[in-house]
> 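Below you'll find the structure I mean.
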Amino acid sequence: SVQLVESGGGSVQAGESLRLSCAASGYTDSNTCIAWFRQAPGKGRETVATFYFGKNEPTIFADSVRGRFSISRDNAKNTVDLRMNNFKHEETGIYYCAAARVIIARCYYGPDHYNDWGPGTQVTVSS
C-alpha cells in the first residue's frame, strides 16, 4: 500500500493561487496513479486530476479546472503537486490525494478504484 499525506491547504481569495503537495511513501512504480479529489461541504468527492507515474499517459483534468490547474511530480521528494490558479469560491472543500495501481497505462478517473487515501487538506476560498 501507499501512505499519503497532503499539505499546502489554507485560505485564499477568489482569483488567487495555491499549491498542494501529496507526499507518497511505500511502494510506487510505473503502474501507480495518483489522483487529486475534492469534497465540498455536503457533497461527494469529485475528481480534480489524475497523474500516471508511467510514461506516455497525459494528465487528466476535470473540465472545471482544465487550463487553471496543473500537476507535477517531484521525483526526489516523491511528491505529486497540484498547482491551482484563479480559484473560484465554489472550489472550497477538502482536497485529497489517493493512489491506485493500474493494469493498463490509464488512471482510473473516479474515486471508487483508489484504495490508499491521504487525510485531506482544507482549502477555503472566500469571495
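All values below were derived from every heavy atom in this structure, side-chain atoms included, with hydrogens, water molecules and symmetry-related copies excluded.
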> Search all heavy atoms of Ser64 against all heavy atoms of Arg38 and return the closest pair with its distance.
OG-NH2, 3.5 Å
> Between the main-chain N or O of Cys97 and the side-chain N or O of Glu6, is there a donor-acceptor pair closer than 3.5 Å?
yes
> Is a donor on one side and an acceptor on the other found under 3.5 Å between the side chain of Asp116 and the backbone of Val2?
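Yes, the answer is positive, given that a donor and an acceptor are paired below the 3.5 Å cut-off.
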> Measuring from Gln13:CD to Ser127:OG, what's the distance to the nearest 0.5 Å?
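Answer for the CD-OG pair, Gln13 versus Ser127, is 8.0 Å.
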> Going through the distances and angles, do Trp36 and Met84 end up as a side-chain contact (heavy atoms from CB on, under 4.5 Å)?
CA-CA 12 Å; Trp36 281 95; Met84 305 176 291; over 6 Å; no
> Among Tyr108, Tyr109, Tyr114, Tyr95, which residue satisfies the ring pair (Phe, Tyr, Trp, His ring centres under 6.0 Å) criterion with Phe37?
Tyr114
> Looking only at heavy atoms, what is the nearest atom pair of Val102 and Cys33, with distance?
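Distance-wise, the nearest heavy atoms are CG1-SG, 3.7 Å.
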> Heavy-atom count check: over 12 atoms from other residues, nucleotides or ligands less than 6.0 Å from Arg66 CZ?
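Buried by this count: over 12 neighbours within 6.0 Å.
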> To the nearest 0.5 Å, what is the distance between CD on Gln122 and OG on Ser11?
8.0 Å
> Show the numbers, then the answer: is there a side-chain contact (heavy atoms from CB on, under 4.5 Å) between Asp29 and Arg101?
CA-CA 9 Å; Asp29 61 14; Arg101 288 181 58 78; 2.8 Å; yes
> Roughly how far, to the nearest 0.5 Å, is the OH atom of Tyr96 from the SG atom of Cys22?
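If I round to the nearest 0.5 Å, the distance is 13.5 Å.
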> State whether the side chain of Thr92 and the backbone N or O of Val125 hold a donor-acceptor pair below 3.5 Å, judged by distance alone.
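Checking the backbone N and O of Val125 against the side chain of Thr92, a donor-acceptor pair under 3.5 Å is found.
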> If you take all heavy atoms of Ala49 and Phe61, which pair is closest and at what distance?
CB-CD2, 3.6 Å
> Are Ile60 and Leu82 in one and the same hydrophobic cluster, where Ile, Leu, Val, Met, Phe, Trp and Tyr link if side-chain heavy atoms are under 4.5 Å apart?
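No, no single cluster joins them.
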> What distance do Ile104 atom CD1 and Asn31 atom CG have between them, rounded to the nearest 0.5 Å?
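The distance works out to 11.0 Å.
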> Can you tell whether the side chains of Arg68 and Glu91 come within less than 4.0 Å, N to carboxylate O?
yes
> Do Phe69 and Val80 share a hydrophobic cluster (ILVMFWY, side-chain heavy atoms under 4.5 Å, transitive)?
yes
> Please give me the minimum heavy-atom distance between Ala62 and Thr47, naming the atom from each residue.
CB-O, 3.3 Å
> Measure the spacing between OG1 of Thr32 and CG of Asn78 and express it to the nearest 0.5 Å.
9.0 Å
> Under the side-chain contact (heavy atoms from CB on, under 4.5 Å) criterion, do Val123 and Leu20 qualify, and how do the steps go?
CA-CA 9 Å; Val123 174; Leu20 303 181; 4.2 Å; yes
> Specify the closest pair of heavy atoms between Pro41 and Gly93, including all atoms of both residues, with the distance to one decimal.
CD-CA, 4.5 Å
> Do Tyr52 and Ile34 sit in the same hydrophobic cluster, where Ile, Leu, Val, Met, Phe, Trp and Tyr count as joined when their side-chain heavy atoms come under 4.5 Å apart?
no
> Let me confirm one number: the OG-CG distance from Ser17 to Asn86, rounded to the nearest 0.5 Å.
7.5 Å
> Can Arg73 be said to sit on top of Phe51's aromatic six-ring, NZ or CZ under 6.0 Å from centre and within 45° of the ring axis?
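Output no; distance or angle outside limits.
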> Measure across Asn85 and Arg83 and return the closest heavy-atom pair with its distance rounded to 0.1 Å.
OD1-NE, 3.3 Å
